[in-house]
Amino acid sequence: MRKSKVQWLAAACLVCLAQPVWAATDSTPLYQDTLDSEGQSYSGELAKASTPENSNIRVVRRGEKAKSTEPSEQLPTRIDANKMAYTGSTGDVYAEGDVVVTQGNQTLLSPRIEGNTKTTEYRTVGGYRYLEDNGKTKDITGENMTYRTKDRHFTADQAMGWNDPYYVKGSNATFDGQEGHMEKGMVTTKHAMAFKHAPDYRVEGEDIKVYPGDKVVIKNPTFYIKNFKVFSLPSYTKSLRHDKEGKFSIFSLVPKPTYNSDDGFGLHGNTDYPIGKNGEVYIDYRWYTKAGFKPQVGYRHYLPWGTASIGYSKESNEYNDETVWVEKIGEARVDTHSYHIGKSPITVRGGANAGYWKEGSVKGSHKEYYAEVSHDPIKLWSGADLRFLGGYQRDYYGYDKSIRSMPYWGARFNTKIGNRMQAWVSYNQRNITYNNSPYRFDTTELPKELIYGASYKLTRLDDVSVSVKNNIMSGEVDSIYYTWHHDLHSFDLYLTYKDAQKSNNNQWKIKFVGKDF
């Protein structure tokens, strides 16, 4: 086998699928709710949906640039093949026989590659396989593909395989650097993919167009659960303006089954539609046999420094381990991103909101503002993170004209112990001066609480956890949670027993939630 290094063929072959059809080009951001999800009272609570004020908030360091994926003739490249040839007068080039082209974390495999250095157009013959990160983020195969380095235009007769976060299949795939396109496409998620049978759920479309960072448009989409056709639409547009960590869900519109002990069986779905250059209309619906219909609708606008929104919602929280719902009418809010102070690991963020709240007979205007200081997690050792936070929150309740001033601070620690065990400790202190909330929805039950626990992975699909919540003011254990979690392929099942210690509020709770939506 003859081995050569050919710079001009590098960009042609390796960038060809570096951004296949729908991939975004920005570096992966860190979101605030990812940091805040650590240290919950028991592992089952980690399946809660992101809170609106945190789910769109990124952790930003000024001056950092996104990683570039533009073609570059300067990147080191290696091409291995049984036979290679190049004609200088015409620019024709080919590599044949177990061709392996490697550049950074990208690898292209093909029996033969032909092209021309003057037209900068190259094509595979006899099929191709493209890998990124050894297949962890991309593993795409097909019969033939063509790529032009001068304008980044990519075409393939077939494309199927893994493109994080989806499994895809389609024909006549193209990507010109600005717009991706695929005909007769199928998309499903990694947790729904079944290699011997039909996926648990999927979307098939006659024509799929993707505009990275803006939207995806599917012509004549059909939504399936296994081989059962849920519904079809003439067209479906899904916003990608909040493509969180590259994990937007085009399945979100499909009603997904859920269950929890408090609200009963339910269906959940959501979608958002781009408006103007920086906004989107969002709709989130939840229906439960016990709790009824719980919608969230409104308009969200992405600002350079944060997010602004206005809408109507019914939101839940827990009070004495029972789900309580509040109705927020016409609530407007503004939340900043978490910004690093200079080049330090210290971050600051803040926000304000105002609207009308209704919880049973308790109803009236509500206004709030807050500010918080935190930092990047401290890596104590491999797999161990420590984070402190502190802030101030002030609420104005029109129901009884009360004001709640609440300075707060806390700490979060979590660590991995071997391959099967995790442990966590968190402390939360809310210094309430003289008043609490008239709403159970945002009442502070334990102003000073210490939570610690651990989980252990029993099998590939099962783990158990124990978490202890302590009332620091009384010096007593408030409750102990015992949770069994079972992986149901596309869903997670949580079974939790609460030992209320001093009270008679011992109870079982069941939660059944989807993974990829």
Side-chain angles (χ1 to χ4, degrees), residues 33 36-37 40-42 44-56 252 255-272 282-300 309-333 335 351 353-368 370 393 395-400 402 404 406 430 435-446 479 481 494 496 498 500 505 507-514 517:
D33 65 332
D36 292 342
S37 67
Q40 302 284 350
S41 59
Y42 60 94
E45 286 193 351
L46 297 181
K48 281 185 174 180
S50 299
T51 54
E53 60 268 25
N54 289 343
S55 61
N56 299 298
S252 59
K256 277 75 64 176
T258 63
Y259 176 80
N260 69 68
S261 307
D262 291 335
D263 300 322
F265 288 98
L267 296 173
H268 174 216
N270 65 83
T271 190
D272 33 54
Y282 63 87
I283 301 173
D284 185 295
Y285 68 88
R286 297 170 188 264
W287 175 85
Y288 299 97
T289 53
K290 295 181 182 179
F293 186 58
K294 306 296 182 183
Q296 295 185 23
V297 296
Y299 172 77
R300 181 185 299 119
S309 64
I310 184 169
Y312 168 88
S313 65
K314 290 185 177 180
E315 299 178 22
S316 65
N317 207 343
E318 289 198 353
Y319 179 81
N320 288 333
D321 285 300
E322 298 294 336
T323 301
V324 295
W325 292 87
V326 69
E327 187 176 8
K328 298 182 178 181
I329 303 171
E331 181 172 76
R333 66 178 306 123
D335 299 279
N353 59 79
Y356 187 89
W357 284 16
K358 182 179 179 181
E359 182 188 281
S361 60
V362 181
K363 52 187 175 182
S365 63
H366 170 264
K367 293 181 288 186
E368 173 197 309
Y370 71 94
Q393 178 180 327
D395 296 85
Y396 300 84
Y397 300 101
Y399 169 74
D400 57 3
S402 61
R404 180 176 67 175
M406 191 166 64
R430 301 170 182 86
N435 209 351
N436 212 321
S437 172
Y439 298 89
R440 294 179 301 163
F441 172 78
D442 68 334
T443 291
T444 298
E445 295 184 65
L446 298 178
S479 51
Y481 301 86
Y494 296 93
T496 298
K498 174 195 173 186
N505 194 29
Q507 57 183 283
W508 286 94
K509 283 198 174 187
I510 301 175
K511 185 181 293 185
F512 177 77
V513 293
F517 29 75

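All values derive from a computational prediction rather than experimental measurement.
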> For the atom pair CD (Gln296) and OG (Ser309), what is the distance rounded to the nearest 0.5 Å?
Replying inline: 10.0 Å

> Which residues satisfy the ring-ring contact (aromatic ring centres under 6.0 Å, His included) test with Phe441, sequence neighbours excluded?
Replying inline: Trp357

> Taking everything shown except Phe293 itself, do over 12 heavy atoms lie less than 6.0 Å from its CZ?
Replying inline: yes

>> Distance check, rounded to the nearest 0.5 Å: Tyr399 atom OH versus Tyr356 atom OH?
In response: 11.0 Å

> Which atom names give the shortest non-hydrogen contact between Pro438 and Asp400, and what distance separates them?
Replying inline: CB-OD2, 3.8 Å

> Looking at Ser479 and Ala500, what are the two nearest heavy atoms and their distance?
Replying inline: CB-CA, 4.2 Å

> For atom NZ of Lys314, is the number of surrounding heavy atoms from other residues, nucleotides or ligands below 6.0 Å larger than 12?
Replying inline: yes

> Where is the tightest heavy-atom contact between Val297 and Ile283, given as atom of each residue plus distance?
Replying inline: CG1-CG2, 4.0 Å

>> Under a 3.5 Å distance rule, please check whether Gln393 uses its side chain to pair with a backbone N or O of Glu368 as donor and acceptor.
In response: no

> So, for His268 and Thr258, which heavy atoms are closest and what is the spacing to 0.1 Å?
Replying inline: CB-CG2, 4.3 Å

> Applying the salt bridge (Lys or Arg N to Asp or Glu O under 4.0 Å) test to Glu315, which of Lys328, Lys294, Lys358 qualifies?
Replying inline: Lys328

>> Return the CZ to CG distance between Arg286 and Leu267, rounded to the nearest 0.5 Å.
In response: 11.5 Å

> Taking side chain as C-beta onward, heavy atoms only, is Glu322 less than 4.5 Å from Asp262?
Replying inline: yes

> Got a donor-acceptor contact below 3.5 angstrom from the Ser261 side chain to the Ile510 backbone?
Replying inline: yes

>> Name the residue from Phe512, Trp287, Tyr259 that meets the ring pair (Phe, Tyr, Trp, His ring centres under 6.0 Å) definition with Phe265.
In response: Tyr259

> Out of Arg440, Lys511, Lys509, which residue meets the salt bridge (Lys or Arg N to Asp or Glu O under 4.0 Å) rule with Glu318?
Replying inline: Lys509

> Atom CG of Asn260 and atom OG1 of Thr496: how far apart are they, to the nearest 0.5 Å?
Replying inline: 11.0 Å

>> How long is the straight-line distance from CE of Met406 back to OG of Ser437, given to the nearest 0.5 Å?
In response: 9.0 Å

> Taking all non-hydrogen atoms of both residues, which atom of Asp263 and which atom of Tyr288 are closest, and how far apart?
Replying inline: O-CB, 3.2 Å

> What is the minimum heavy-atom distance between Arg430 and Leu446, and which atoms define it?
Replying inline: NH1-O, 3.9 Å

>> Taking salt bridge (Lys or Arg N to Asp or Glu O under 4.0 Å) as the definition, give me every residue that meets it alongside Arg404, ordered by chain and number, with sequence neighbours left out.
In response: Asp395, Asp442

> Partners of Lys498 by salt bridge (Lys or Arg N to Asp or Glu O under 4.0 Å), sequence neighbours excluded?
Replying inline: Asp321

> Quick one: do the Asp335 and Tyr370 side chains pair a donor with an acceptor below 3.5 Å?
Replying inline: yes

